[in-house]
Amino acid sequence: MHRYRTHHCNELRVEHVGRTARVSGWIHRRRDHGQLVFLDLRDHFGLTQCVVDAEDDTFAAVEETRVESVVTVTGRVVRRDPETVNPRLPTGEVELRIDSFEVLSTAGVLPLQVNAEEDAGEETRLRYRFLDLRRERLHANIVLRSQVIASIRRRMTERGFMEFQTPILTASSPEGARDFLVPSRLHPGRFYALPQAPQQFKQLVMMAGYDRYFQIAPCFRDEDSRADRSPGEFYQLDVEMSFVEQEDVFAEIEPVLAGVFEEFSDRTVPRPFARIPWSEAMLRYGTDKPDLRNPLQIHDVSDIFDGSDFAIFAKTVAGGGVVRALPGPGCGSRAICDRMNAWAQSLGAPGMGYIILGEDGGRGPIASRLADAAVAEMRRRTGTGPGDAIFFAAGSEADAARLAGQARIRLGDERSLSETDTYRFCWVVDFPMYERDEATGTVGFSHNPFSMPQGGLGALETMDPLDVLAYQYDIVCNGVELSSGAIRNHLPDVMLKAFAIAGYTTADVEARFGGMLNAFRYGAPPHGGIAPGIDRIVMLIANEPNIREVILFPMNQRAEDLMMGAPGEVSDAQLRELHIRRNVRAAPTGGERP
RNA sequence: GGGGGUGUAGCUCAGCUGGUUAGAGCGCUGGCCUGUCACGCCAGAGGCCGCGGGUUCGAGUCCCGUCACUCCCGCCA
């Protein structure tokens, strides 16, 4: 008989009755009846009930071993009486009568309870991640993650993509997020950087002629975390293709994403994914990552208020601002509208105007200043009627869009308007190539500087840069941005011009992106790609609100690994070898850990 | 860097307008219990009320500071 087990803990069935079996695992739960003890033994696969009574030799040992200890149980598989069958367990028709009981590893009193639904605090969970991972939900999430990644690999390979590894130790990139730096022992004063993404490498793979590349790629960015953004590191499904236009990329990625989401969830994935121009997304949804499960849409009503008697909005429009209207189904009451207004003010907005709609037209301070025909026109545009309200966000185009967009989300949640059984994907396309930095007034890249401008060199030379669009797109699912992507700029002249508009000299570009720029001069195929976030994909499929729930060993919000103690101190000898000298003020004393 | 929330037993939390000995569930320890499956019943131990200062006759509760965790803004081309 095998030293540890003949069966795992989700294997024994009626057909095994009468045989002797051996199982090993953790003591999940014990039910002690004094003269009779039940033990639920747990391993990766499931639970098996073991039983022992007072006359057995092992009784005392079973009774005193604490939960989460690791034990090996050998015994006879017995059919349970019909009234004691547990239909909730796959192994619930049988149990194991304990003949021998061996403790392989004892557990102390637990800092968090593995067998309870109740969540411990984040700090405890992260410090004792190995215990947290034993719990059912988290354990299942990580299994799901493994299966999702395996499915993605299979789907990509079947489509003719090849998976390559790109360097982890590379050069610091001057744009974008903060880099993690790695000092060089051989080159005093010089540093590697961990890649923020394999962006330049994957483009070079295309120039090397491999045609279609993908990688489940680790990416490193030294930026602050969010609930949907893990600090430090994350994984992307990094993809690049040669000789393609935008729709070719969509045609490859759409079935992969839809297939994976359908394979691992019970929800529907409507196809084809909607294509929404960026400017339309900002107008209708007030965001560049719209949740299309929410049926509400925002409408521009600036023309109606232009020159109207409602002075605040008329002045806004006259000053170049806009007024946006959001339908509020069933919101036709003072209490609801006042609450929306107070909420808007809590966000720092001046307020949120409203019209309450009754059988006989509109009520409220705005409606009283407008002609009936104007109110009727707004009803028509927003599709509202008696019992509803229309909410208004006024201000600069960006401010009004943001407020209306947030109000749209809030109403959707509060009134439960959104679908709950769907993954609504969309492609947001036609992003602007440049944007004006509000603080400095300068023009900079709004997204990836390597994207191809629509209209090419001609557009860059003749158009207002702020009007130039890029072959730049996002894939969004249920309001979560999964990825940006682009058709790349593979033409050195266009690239130098594009960078010049953003304030970079040719020398700057050569110095910073020389490797790739040089490659463009020896025959570069037109190419493009995308890089959906793996962690966010799994998070959506697992229906988890926080990205830590789908990562084996996540760091906390301050980018610390509480279990391993990272980042940690290193020895003076290590630093000397790396030509590094500390330059930190004396650490404040009294820290809980060194 | 900024804003919000939280911090009370090993864990999850309650603790009112400041008031006498700070509670519950789970866990832990001991006892009882032969068909449970979140077993049940009885008893017990366990508290720097995050930390420091202040107001007050009196602070878990109010004020100031600080630390930690978390959510958000900035940031993430």
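Residue numbering restarts at 1 for every chain, and letters A, B, ... go by the order of the sequence lines. Side chains are part of it too, since the values below use all heavy atoms of this structure and drop only hydrogens, waters and symmetry mates.
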With respect to the side chain of [X], which nucleotide from [options] is positioned closest?
{"X": "Asn546(A)", "options": "U34(B), C71(B), C73(B)", "result": "C71(B)"}
{"X": "Glu122(A)", "options": "U70(B), C37(B), C75(B)", "result": "U70(B)"}
{"X": "Ala227(A)", "options": "A38(B), C72(B), C76(B)", "result": "C72(B)"}
{"X": "Gln113(A)", "options": "C39(B), G10(B), C71(B)", "result": "G10(B)"}
{"X": "Arg226(A)", "options": "U34(B), C72(B), C33(B)", "result": "C72(B)"}
{"X": "Phe38(A)", "options": "C33(B), G35(B), A38(B)", "result": "G35(B)"}
{"X": "Glu223(A)", "options": "G74(B), C76(B), C39(B)", "result": "C76(B)"}
{"X": "Gln49(A)", "options": "C37(B), C39(B), G10(B)", "result": "C37(B)"}
{"X": "Arg229(A)", "options": "U12(B), U70(B), C76(B)", "result": "C76(B)"}
{"X": "Val67(A)", "options": "C28(B), U70(B), C33(B)", "result": "C28(B)"}

Under 4.0 Å between any heavy atoms, over every strand shown, what does [X] touch: base, sugar-phosphate, or nothing? Just pick one.
{"X": "Leu47(A)", "answer": "nothing"}
{"X": "Arg402(A)", "answer": "nothing"}
{"X": "Glu55(A)", "answer": "base"}
{"X": "Pro111(A)", "answer": "sugar-phosphate"}
{"X": "Ala120(A)", "answer": "sugar-phosphate"}

For atom [atom1] of [X] and atom [atom2] of [N], their distance in whole Å:
{"X": "Ile27(A)", "N": "C37(B)", "atom1": "CD1", "atom2": "P", "answer": "19 Å"}
{"X": "Glu123(A)", "N": "G50(B)", "atom1": "CD", "atom2": "C1'", "answer": "11 Å"}
{"X": "Glu549(A)", "N": "U70(B)", "atom1": "CD", "atom2": "C1'", "answer": "13 Å"}
{"X": "Phe59(A)", "N": "G35(B)", "atom1": "CZ", "atom2": "P", "answer": "13 Å"}
{"X": "Leu131(A)", "N": "C26(B)", "atom1": "CG", "atom2": "P", "answer": "21 Å"}
{"X": "Glu83(A)", "N": "C37(B)", "atom1": "CD", "atom2": "P", "answer": "14 Å"}
{"X": "Asn556(A)", "N": "U6(B)", "atom1": "CG", "atom2": "P", "answer": "20 Å"}
{"X": "Arg29(A)", "N": "G35(B)", "atom1": "CZ", "atom2": "P", "answer": "20 Å"}

Legend entry - Neighbour count above 12 (heavy atom, 6.0 Å) for Phe191(A) CZ: yes
Pairing partner (Watson-Crick or G-U wobble, both distances under 3.5 angstrom) of [N]:
{"N": "C39(B)", "value": "none"}
{"N": "U6(B)", "value": "A68(B)"}
{"N": "G58(B)", "value": "none"}
{"N": "C75(B)", "value": "none"}
{"N": "A24(B)", "value": "U12(B)"}

Report yes if at least one side-chain N or O of [X] is closer than 4.0 Å to OP1 or OP2 of [N]; otherwise report no.
{"X": "Arg42(A)", "N": "C37(B)", "value": "no"}
{"X": "Gln196(A)", "N": "C76(B)", "value": "no"}
{"X": "Arg31(A)", "N": "U36(B)", "value": "no"}
{"X": "Arg558(A)", "N": "A68(B)", "value": "yes"}

Legend entry - 5′-ward residue of the pair Val85(A)/Arg536(A) relative to RNA chain B: Val85(A)
Inset, instruction - Starting from the 5' end of RNA chain B, give me the residue, Gly34(A) or Arg80(A), whose nearest nucleotide shows up first. - result: Gly34(A)
[atom1] spacing across the pair [N] / [M], given as an integer number of angstrom:
{"N": "C11(B)", "M": "A38(B)", "atom1": "C1'", "answer": "16 Å"}
{"N": "C67(B)", "M": "G31(B)", "atom1": "P", "answer": "49 Å"}
{"N": "G50(B)", "M": "A9(B)", "atom1": "P", "answer": "8 Å"}
{"N": "C16(B)", "M": "A59(B)", "atom1": "P", "answer": "16 Å"}
{"N": "G74(B)", "M": "G40(B)", "atom1": "P", "answer": "50 Å"}
{"N": "G30(B)", "M": "U21(B)", "atom1": "C1'", "answer": "25 Å"}
{"N": "G47(B)", "M": "U34(B)", "atom1": "P", "answer": "35 Å"}
{"N": "G3(B)", "M": "G10(B)", "atom1": "P", "answer": "33 Å"}

Inset, instruction - Would you check, one step at a time, whether the test side-chain hydrogen bond (donor to acceptor under 3.5 Å, both in side chains) holds for Gln49(A) with Thr91(A)? - result: CA-CA 8 Å; Gln49(A) 173 167 289; Thr91(A) 59; over 6 Å; no
Before accepting this row, confirm whether a basic side-chain N of the pair [X]/[Y] lies closer than 4.0 Å to the acidic partner's carboxylate O.
{"X": "Asp413(A)", "Y": "Arg410(A)", "answer": "no"}
{"X": "Arg229(A)", "Y": "Asp535(A)", "answer": "no"}
{"X": "Arg536(A)", "Y": "Asp228(A)", "answer": "yes"}
{"X": "Glu95(A)", "Y": "Arg79(A)", "answer": "no"}

Do [X] and [N] share a donor-acceptor pair, side chain to base, under 3.5 Å?
{"X": "Arg97(A)", "N": "G35(B)", "answer": "yes"}
{"X": "Asp81(A)", "N": "G35(B)", "answer": "no"}
{"X": "Glu95(A)", "N": "G35(B)", "answer": "yes"}

Inset, instruction - For the pair Gln454(A) (side chain) and Ala470(A) (backbone), establish whether a donor and an acceptor sit closer than 3.5 Å, ignoring hydrogens and angles. - result: yes
Inset, instruction - Take the angle between the ring planes of Phe38(A) and His33(A) and call it parallel below 30°, perpendicular above 60°, tilted in between. - result: perpendicular
Inset, instruction - Anything under 30° is parallel, anything over 60° is perpendicular, the rest tilted; go ahead and classify Phe499(A) against Phe513(A). - result: tilted
Inset, instruction - Check the geometry between His33(A) and C39(B) and answer yes if their rings are stacked (centres below 5.5 Å, planes below 30°), otherwise no. - result: yes
